There are 2 protein chains.
Amino acid sequence: MHITRAVEYGIIGMLYLAGHDRGKVVMIDEISRKEDIPKSFLGKIFQSLTRAGLVNSNRGAGGGFYMARDSDQINILDIIEAVEGKIALQRCLDAATGCSNSDSCALCLLLHDIQETVKQTLANTTLADLAQKHADMKSHKHPQRPLTESVRLPDIRTE
Amino acid sequence: MHITRAVEYGIIGMLYLAGHDRGKVVMIDEISRKEDIPKSFLGKIFQSLTRAGLVNSNRGAGGGFYMARDSDQINILDIIEAVEGKIALQRCLDAATGCSNSDSCALCLLLHDIQETVKQTLANTTLADLAQKHADMKSHKHPQRPLTESVRLPDIRTE
DNA sequence: CTGAATAGGACGAAAAATGTCCGGTTTAAG
DNA sequence: CTTAAACCGGACATTTTTCGTCCTATTCAG
């Protein structure tokens, strides 16, 4: 249960773009150097981000990538799903497969519910939130307040 | 970002134990056959559950496993951490390593906060909740209500 | 036309997940 | 005491996923 490098690089890359003027075109090579991410790999990741419509690309000389939306209109879940495809905590929950294990299907339901909560958590944080925090830290303001507050989840009801 | 087979089997195995009288000793072989899980693999998983104190084991003839606590005192996070070790969404968050990438540390903080929320979600569901739901489903009552309700997360504050 | 830059697919190495196996230890029972 | 049953623990093998690289095509500015 972890976040892949590809997703991590994707977030860092988007964060880099978000740190420039909207519409500013930036090359993979620049991001790769500045953020110390393997260039070819980052190129692949940005292909996914482009296909998902999070960034736009210009090909040819003078080309590069630029944000397709404002950074407060892009959240972490968008990026994860762009890079990894739809989140599925379990094979069961993969749309295509479906669930054959009728004897433990309560588990599938549980995991589904947990998955939705996780997705909601991820969808609740935008790139703008993250960029803001990033900027704060660079200026040594180091806010001690957590980015996401603790949540008291409602009690489970099975009936 | 997914749950491993080992964790899945661990949950199913615990669920099986929870379906019997507290203190009833059950062999790996039985769980393996009834739930169709590879025996040696399940044995390994139960070793972890034992080390974590979620179940107790008796060795020798007539041995087996039994719950160490009541099922409402064991939650899903307990099981995941018993089988996989502490959850770390990112290498950064692995206690030992620490974070060297100062330039993207806001990301680490974000992931840390998200991680805590995810953990809270997992910790909020007990084996008893799951077993109850399981029983309901077997008796064809099929509750349509989700096990975990949707959560409206509080807004992010960066200041 | 030429060089710069992304698009996309094929490929490969490394790491992790998923098991298997075997010798060791403990225990109940004869 | 011996034996068979059952867990313990480590080493090992297989498969899948991750983490990239590389090459060719396409597009575009100058």
Side-chain angles (χ1 to χ4, degrees), chain A residues 1-13 17 24-33 35-68 80 82-85 87-91 94 97, chain B residues 1-13 17 24-33 35-68 80 82-85 87-91 94 97:
Chain A
M1 188 145 189
H2 64 298
I3 285 192
T4 62
R5 291 272 189 193
V7 166
E8 182 185 337
Y9 294 159
I11 296 176
I12 293 175
L17 276 191
K24 170 74 184 305
V25 174
V26 180
M27 292 185 302
I28 282 295
D29 188 64
E30 174 180 341
I31 307 178
S32 162
R33 276 183 292 105
E35 300 292 349
D36 196 32
I37 298 171
K39 182 176 169 181
S40 338
F41 195 27
L42 190 59
K44 273 288 149 55
I45 293 163
F46 264 80
Q47 280 183 30
S48 303
L49 296 174
T50 304
R51 270 193 293 266
L54 302 185
V55 302
N56 293 323
S57 66
N58 290 338
R59 296 170 72 166
F65 298 88
Y66 58 98
M67 306 266 299
I80 293 179
V83 174
E84 299 215 292
I87 282 182
L89 277 192
Q90 214 202 10
R91 286 158 188 73
D94 212 340
T97 326
Chain B
M1 187 145 190
H2 65 297
I3 286 191
T4 63
R5 292 272 188 193
V7 166
E8 182 185 336
Y9 293 158
I11 297 175
I12 293 174
L17 277 191
K24 170 73 183 305
V25 174
V26 180
M27 292 185 303
I28 281 296
D29 188 65
E30 174 180 339
I31 306 179
S32 162
R33 276 183 292 104
E35 299 293 349
D36 195 31
I37 297 171
K39 181 175 169 180
S40 333
F41 195 27
L42 189 60
K44 274 283 147 54
I45 293 163
F46 265 80
Q47 281 183 29
S48 303
L49 295 174
T50 304
R51 270 193 293 266
L54 302 185
V55 302
N56 293 323
S57 65
N58 290 338
R59 296 171 71 166
F65 297 90
Y66 58 98
M67 306 266 299
I80 293 179
V83 174
E84 298 215 291
I87 281 182
L89 277 191
Q90 216 202 4
R91 286 156 189 75
D94 212 341
T97 327

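In what follows, every heavy atom counts, from backbone to side chain, and hydrogens, waters and symmetry copies are set aside. Computed from a predicted model, the values in this text were never measured in an experiment. Sequence lines set the chain letters: A, B, ... in the order given, protein chains first and strands last, and positions in each chain run from 1.
Sorted by residue number, the members of residues 41-59 of chain A with any non-hydrogen atom under 4.0 Å from DNA chain D read A/Phe41, A/Lys44, A/Arg59.
Separating the CD1 atom in A/Ile3 from the CD atom in A/Glu84 is a distance of 8.0 Å, to the nearest 0.5 Å. Note: B/Ile31 CD1 to B/Ile37 CD1 = 8.0 Å, rounded to the nearest 0.5 Å. The distance from atom CE of A/Met27 to atom NZ of A/Lys39, rounded to the nearest 0.5 Å, is 8.0 Å. In this structure, NZ on B/Lys24 lies 13.5 Å from CE on B/Met67, to the nearest 0.5 angstrom.
Residue A/Thr4 is in sugar-phosphate contact alone, with no base atom involved, counting any heavy-atom pair closer than 4.0 Å across all strands shown.
Closest heavy-atom contact between B/Val83 and B/Ala6: CG1-CB, 3.6 Å. B/Phe65 approaches B/Leu17 most closely through the heavy-atom pair O-CD2, 3.8 Å.
Heavy-atom neighbours of A/Asp36 CG from other residues, nucleotides or ligands within 6.0 Å: at or below the threshold of 12.
If A/Ala61 and A/Met1 are placed on DNA chain C by their nearest nucleotide, the residue sitting closer to the 5' end is A/Ala61. Taking the nucleotide of DNA chain D with the nearest heavy atom to each of A/Lys39 and A/Gly60, the more 5' of the two is matched to A/Lys39. Two residues, A/Pro38 and A/Gly62, neighbour DNA chain D, and the one matched to the more 5' nucleotide by heavy-atom proximity is A/Pro38.
Remark: B/Ser40 engages no residue in a side-chain hydrogen bond (donor to acceptor under 3.5 Å, both in side chains) (not counting sequence neighbours).
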inquiry  = Walk me through whether A/Val7 and B/Met1 qualify under side-chain contact (heavy atoms from CB on, under 4.5 Å).
reply    = CA-CA 10 Å; A/Val7 166; B/Met1 187 145 190; over 6 Å; no
message = Using side-chain contact (heavy atoms from CB on, under 4.5 Å), reason through A/Glu8 and A/Thr4 one step at a time and then give a plain yes or no.
response = CA-CA 6 Å; A/Glu8 182 185 337; A/Thr4 62; over 6 Å; no
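Of all nucleotides in DNA chain C, those with any atom nearer than 4.0 Å to a heavy atom of chain B start and finish, going 5' to 3', at C/dT18 to C/dA28. Of all nucleotides in DNA chain D having an atom under 4.0 Å from a heavy atom of chain B, the first and last in 5' to 3' order are D/dA5 to D/dC19.
From one end of the helix from C/dC1-D/dG30 to C/dG30-D/dC1 to the other, with five pairs defining each end axis, the axis direction shifts by 10° (rounded to 10°).
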Please tabulate, for the side chains in residues 41-57 of chain B, all donor-acceptor contacts under 3.5 angstrom to protein atoms that are two or more places apart in sequence or on a different chain.
| from | atom 1 | to | atom 2 | distance (Å) |
| --- | --- | --- | --- | --- |
| B/Thr50 | OG1 | B/Phe46 | O | 2.7 |

